[in-house]
Amino acid sequence: MYWLYLIIFTFIVFVPTIIQRGFFGFNVTQTQEFTVLILGSFAFLVFTIQEKRLKKNVSEKNDFQRKVNTMRKDLTNSYSYIGEINRKVDILESIALSYPESLVITAKKQKEVYNSIMEAVRLFGKSDEFILRFICTSSKEVLKEIKSFPNVSMSFSLKNNDLENNFFESDEFVVVNSPKSIDDVSSCIILKKKTPNQRLEDLEMIRTLVAQALFFFMFVRKETEKKKLLKK
């Protein structure tokens with residue numbers, strides 16, 4: 001296209017040399033002026049068309065770039081989602097594999113099971129500060145408490161927690177209770193929110209983990225009671 005501009009510009013420069021007589025009733029000067037005007041108008045028309053094409057190409061390029069960025073973002077989110085799902089599956093598999101295969105439950109084995117459950121709660125609950133509690137349903141006495149970190153402090157009182165309600169939420173805490181109690185014992189997870197607007201995306205999974213924790217706690221408790229009876 002630049003060669004076309006050069007050719008038109010060259011014709012315009014040499015118009016006085018090329019045109020030596022008038023045409024269509026115009027004298028030489030008028031003919032030369034009209035020729036320059038026509039060539040200039042043609043060059044302007046070509047420039048306008050080329051500019052529109054350029055703007056269209058730039059617009060299409062920007063649209064394509066936006067689509068590429070959106071696809072890249074979606075692909076990144078998909079990989080993140082797949083990675084998170086794989087991690088969740090690995091944690092659930094770890095919980096299943098960590099359950100005792102025999103009635104002999106050592107303190108180390110108990111710790112492994114509880115650690116697996118706590119790691120799953122950390123992932124599904126999207127919180128680093130939480131407490132797993134096992135409670136006497138009638139007296140609301142805390143029988144056992146496991147913290148995500150040793151120095152985690154919760155100001156949430158059990159008096160504010162209705163154990164028959166499976167879910168409780170405030171601006172500061174989310175509490176998920178076990179669906180049912182076993183032998184007057186229930187369990188709950190108390191998660192501290194990072195922000196007041198934080199919501200649980202995997203509530204059913206958290207509830208399942210709380211129930212699994214309660215089953216394991218009661219299993220260990222009954223086995224401990226059996227050992228005590230046998231010693232007597």
Side-chain angles (χ1 to χ4, degrees), residues 91-92 94-96 98-232:
I91 289 177
L92 293 176
S94 175
I95 293 174
S98 63
Y99 272 79
E101 297 178 356
S102 65
L103 298 179
V104 180
I105 306 173
T106 62
K108 180 181 178 181
K109 192 64 180 178
Q110 290 186 45
K111 186 176 181 181
E112 288 178 357
V113 174
Y114 284 127
N115 284 345
S116 297
I117 294 175
M118 296 295 279
E119 183 60 29
V121 173
R122 190 190 313 278
L123 176 63
F124 294 121
K126 299 185 185 303
S127 175
D128 295 325
E129 298 184 59
F130 56 91
I131 295 177
L132 171 62
R133 285 178 179 171
F134 300 95
I135 309 155
C136 177
T137 307
S138 57
S139 65
K140 291 193 176 182
E141 176 189 357
V142 178
L143 305 176
K144 184 180 180 66
E145 184 176 79
I146 304 174
K147 298 180 178 181
S148 57
F149 295 106
N151 58 346
V152 169
S153 177
M154 294 283 185
S155 59
F156 183 83
S157 174
L158 288 173
K159 295 180 180 179
N160 300 326
N161 184 20
D162 183 5
L163 297 177
E164 294 182 357
N165 185 5
N166 291 335
F167 180 75
F168 171 82
E169 183 176 9
S170 66
D171 290 340
E172 189 176 0
F173 298 104
V174 173
V175 182
V176 182
N177 296 319
S178 55
K180 295 181 179 180
S181 60
I182 302 176
D183 295 338
D184 199 33
V185 177
S186 60
S187 58
C188 70
I189 283 286
I190 305 171
L191 298 104
K192 190 172 184 179
K193 290 184 175 182
K194 295 179 179 179
T195 63
N197 296 326
Q198 182 180 350
R199 294 290 180 269
L200 277 182
E201 298 177 1
D202 294 299
L203 176 59
E204 291 303 321
M205 187 60 68
I206 295 291
R207 187 174 287 124
T208 301
L209 293 170
V210 175
Q212 286 183 333
L214 178 59
F215 291 147
F216 181 71
F217 174 79
M218 295 304 297
F219 176 77
V220 173
R221 190 183 188 188
K222 288 184 177 181
E223 290 304 315
T224 303
E225 291 175 353
K226 286 181 181 179
K227 289 180 181 179
K228 289 182 179 179
L229 291 174
L230 291 174
K231 287 181 180 180
K232 292 180 180 181

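- We find the NZ-CG distance between Lys144 and Leu132 to be 9.0 Å, quoted to the nearest 0.5 Å.
- Relative orientation of the Phe134 and Phe217 rings is parallel, given thresholds of 30° and 60° on the angle between their planes.
- Nearest heavy atoms, Ile206 versus Phe124: CD1-CB, 3.6 Å.
- Heavy atoms only, all atoms of each residue included: Met218 and Ile182 are closest at CE-O, 3.6 Å.
- In this structure, CG in Asn115 is found 11.5 Å from NZ in Lys108, a value given to the nearest 0.5 Å.
- When all heavy atoms of Phe149 and Asp128 are compared, the closest pair comes out as CE1-O, 3.2 Å.
- Under a 3.5 Å cut-off, the side chain of Ser187 and the backbone N or O of Val210 do form a donor-acceptor pair.
- Rounding to the nearest 0.5 angstrom, the gap separating the NZ atom in Lys147 from the CZ atom in Arg133 is 8.5 Å.
- Atom-to-atom distance recorded for Gln110:CD and Glu112:CD is 11.0 Å, nearest 0.5 angstrom.
- Summarising the geometry of Phe173 relative to Ile190, their closest heavy-atom pair is CD2-CG2, 3.9 Å, with the distance given to 0.1 Å.
- Taking the charged nitrogens against the carboxylate oxygens, Lys222 and Asp183 do have a contact shorter than 4.0 Å, which makes a salt bridge.
- Judged purely by atom type and a 3.5 angstrom limit, Gln198 has no side-chain atom pairing as donor or acceptor with the backbone of Ser127.
- Shortest non-hydrogen contact noted between Asp171 and Lys193 is O-CD, 3.6 Å.
- Pairing each heavy atom of Ile135 with each of Cys188, the nearest pair is CD1-SG, 3.6 Å.
- Within the 3.5 Å criterion, the main-chain N or O of Ser186 finds no donor-acceptor partner in the side chain of Asn177.
- From Lys180, atom NZ reaches atom OG1 of Thr137 across 13.5 Å, with rounding to the nearest 0.5 Å.
- Atom-to-atom distance recorded for Ile146:CD1 and Lys111:NZ is 11.0 Å, nearest 0.5 angstrom.
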